[in-house]
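Below: the structure, in structure tokens.
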Amino acid sequence: MKKTAFITGITGQDGSYLAELLIEKGYEVHGLVRRSSNFNTQRLDHIYQEPQSLNRSLYLHYGDLTDGFGVSNLLREIQPAEVYNLAAQSHVQVSFAMPQYTGQVDGVGTIGILEAIRAIDLDTRFYQASTSELFGSTPPPQSESSTFRPRSPYAAAKLMAYWATINYREAYGMHASNGILFNHESPRRGETFVTRKIAKAAAEISRGKRKKVYLGNLDAIRDWGYAKEYVESMWRMLQMESPSDYVIATGVGATVRDFLETCFSYLNLDWQEHVEIDEKYQRPTEVNALIGDATKARLILNWKPQVMWDELARMMVQAEIEKLDANT
């Protein structure tokens, strides 16, 4: 029989890569999809299967993390061996505009899943998508033992989910692990995130489709890795005999300016001719530097990154160019 997994946030960047990985490993994958008047499953189109298909590996279910009863009913019906909670309001800047909603989805929603697993006595392993934003103003390098100092409603909500995961692990003996993933990007990243925004702008400027891009803090330092590699670490955590919490990172930091310059120079463009700073993209409280120490993941999970931030930047720009050229 196929091993069964349940993924919240399956339509997102990480969810789509994780679904691919698990299907390749022979899993039956079930994913939670929010109802919308527009289809938002583009990242899954290449692995989507019609409901009438024989020997299906992918099943999509409507639901929402704010609907605890609905999620609980799905878990009872599916009986997954592994649960990956990737769903979130994950945009830091947006969390300042929608703090209560962010807290309900990212914090309370996670507790809803954990409580559902406990209440129905589900024999499953649970992965919680934590974030480097938990560290906030703590100086780098940041590891599992570093102090958490969240600097946004998003980070505060994720901190609630992080400690809830540990609490349910210790109180009820759940196999529940936190993956503290530092920034991870890909051509599937949402267009409002700065890396995708930069890559897309560079491609469009090179093709004469626009002249400017507006950005915020160019001095922020981030540890950027490749999302497709990072989802492998999620799976590895749930294969461990004992649950634990892991930082997943490259250990290499770069500024937004560095990422910007790499993307534009790849297309022989001078970014300074096309970039303007707009204060509306500045956070009320900034996180200056996030650089992860993933020693524990390397030693225990046998996981290490292959793609560094500069290669990732060029990969993302190339994907945008190919998309533009395919549509002309």
Side-chain angles (χ1 to χ4, degrees), residues 7 9-24 29 31 33 38-48 58 84 86-88 90-94 129 131-132 179 181-210 213-215 220 222-235 248-250 252 254-269 271 274-275 305-328:
I7 304 172
I10 194 171
T11 59
Q13 169 189 254
D14 293 5
S16 63
Y17 281 126
L18 180 60
E20 284 179 2
L21 176 70
L22 295 180
I23 289 172
E24 288 172 5
V29 176
V33 179
N38 297 315
F39 288 112
N40 60 346
T41 57
Q42 296 90 340
R43 295 183 179 99
L44 299 171
D45 284 348
H46 61 294
I47 56 173
Y48 178 76
L58 179 64
Y84 297 85
L86 311 186
S90 59
H91 199 287
V92 177
Q93 185 75 16
V94 171
T131 170
S132 59
L181 273 59
F182 279 61
N183 294 66
H184 46 291
E185 319 296 317
S186 76
R188 298 183 190 177
R189 192 51 142 156
E191 293 183 6
T192 60
F193 289 83
V194 68
T195 51
R196 178 76 188 283
K197 183 177 180 179
I198 290 170
K200 188 171 187 289
E204 290 178 346
I205 290 168
S206 75
R207 292 297 187 263
K209 294 187 176 295
R210 65 192 292 186
V213 60
Y214 298 89
L215 301 171
R222 293 295 184 266
D223 181 337
W224 283 298
Y226 183 26
K228 187 174 183 178
E229 293 180 348
Y230 279 37
V231 300
E232 171 84 19
S233 72
M234 302 175 185
W235 175 78
I248 302 298
T250 71
V252 179
T255 64
V256 174
R257 184 180 286 101
D258 292 331
F259 195 94
L260 181 63
E261 184 173 3
T262 300
C263 287
F264 275 69
S265 64
Y266 179 70
L267 299 175
N268 298 314
L269 295 171
W271 68 268
H274 303 284
V275 174
Q306 302 298 322
V307 178
M308 296 295 109
W309 71 267
D310 51 347
E311 180 183 349
L312 176 63
R314 291 187 287 269
M315 176 197 303
M316 292 177 68
V317 173
Q318 184 60 38
E320 296 296 336
I321 286 291
E322 290 173 3
K323 191 181 303 180
L324 284 173
D325 292 349
N327 294 327
T328 56

Check: [Y] and [X] side chains under 4.5 Å, non-hydrogen atoms:
X      : Y      : answer
Trp309 : Asn183 : no
Asp223 : Ser132 : no
Asp325 : Arg207 : yes
Leu267 : Ile321 : yes
Glu204 : Leu324 : yes
Ser90  : Phe193 : yes

Could you tell me which non-hydrogen atom of [X] sits nearest to which non-hydrogen atom of [Y], and how far apart they are?
X      : Y      : answer
Arg188 : Ser16  : NH1-OG, 2.9 Å
Thr262 : Ala313 : CG2-CB, 3.9 Å
Ala87  : Gly9   : CB-N, 3.5 Å
Thr250 : Gly225 : CG2-CA, 3.8 Å
Met315 : Pro187 : SD-CD, 4.1 Å

What do the steps show when you test Leu58 against Ile10 for side chain to side chain contact (heavy atoms under 4.5 Å, CB included), and what is the final call? CA-CA 11 Å; Leu58 179 64; Ile10 194 171; 3.8 Å; yes
Could you state the interatomic distance from [atom1] ([X]) to [atom2] ([Y]), rounded to the nearest 0.5 Å?
X      : Y      : atom1 : atom2 : answer
Phe259 : Leu215 : CZ    : CG    : 11.5 Å
Gln13  : Glu185 : CD    : CD    : 6.0 Å
Ile248 : Leu181 : CD1   : CG    : 6.0 Å
Ile198 : His274 : CD1   : NE2   : 14.0 Å
Phe182 : Tyr230 : CZ    : OH    : 9.0 Å
Asp14  : His184 : CG    : NE2   : 3.5 Å

In this structure, which one of Lys197, Arg314, Arg196 forms a salt bridge (Lys or Arg N to Asp or Glu O under 4.0 Å) with Glu320?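 Among Lys197, Arg314, Arg196, the one that satisfies the salt bridge (Lys or Arg N to Asp or Glu O under 4.0 Å) with Glu320 is Arg196.
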Test side chain to side chain contact (heavy atoms under 4.5 Å, CB included) applied to Ile7 and Leu22, step by step: CA-CA 10 Å; Ile7 304 172; Leu22 295 180; 4.1 Å; yes
Between Leu86 and Met234, does a side chain to side chain contact (heavy atoms under 4.5 Å, CB included) hold up when you go through it step by step? CA-CA 10 Å; Leu86 311 186; Met234 302 175 185; 3.9 Å; yes
Step-by-step side chain to side chain donor-acceptor pair (under 3.5 Å) determination, His46 to Glu20: CA-CA 9 Å; His46 61 294; Glu20 284 179 2; 2.3 Å; yes
What's the verdict on side chain to side chain contact (heavy atoms under 4.5 Å, CB included) for Trp271 and Arg257, showing C-alpha distance, side-chain angles and the deciding distance? CA-CA 9 Å; Trp271 68 268; Arg257 184 180 286 101; 3.8 Å; yes
Students often mix this up, so state it plainly: with edges at 30° and 60°, are the rings of Tyr17 and Tyr226 parallel, tilted or perpendicular?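 If you compare the ring of Tyr17 with that of Tyr226, the planes turn out perpendicular.
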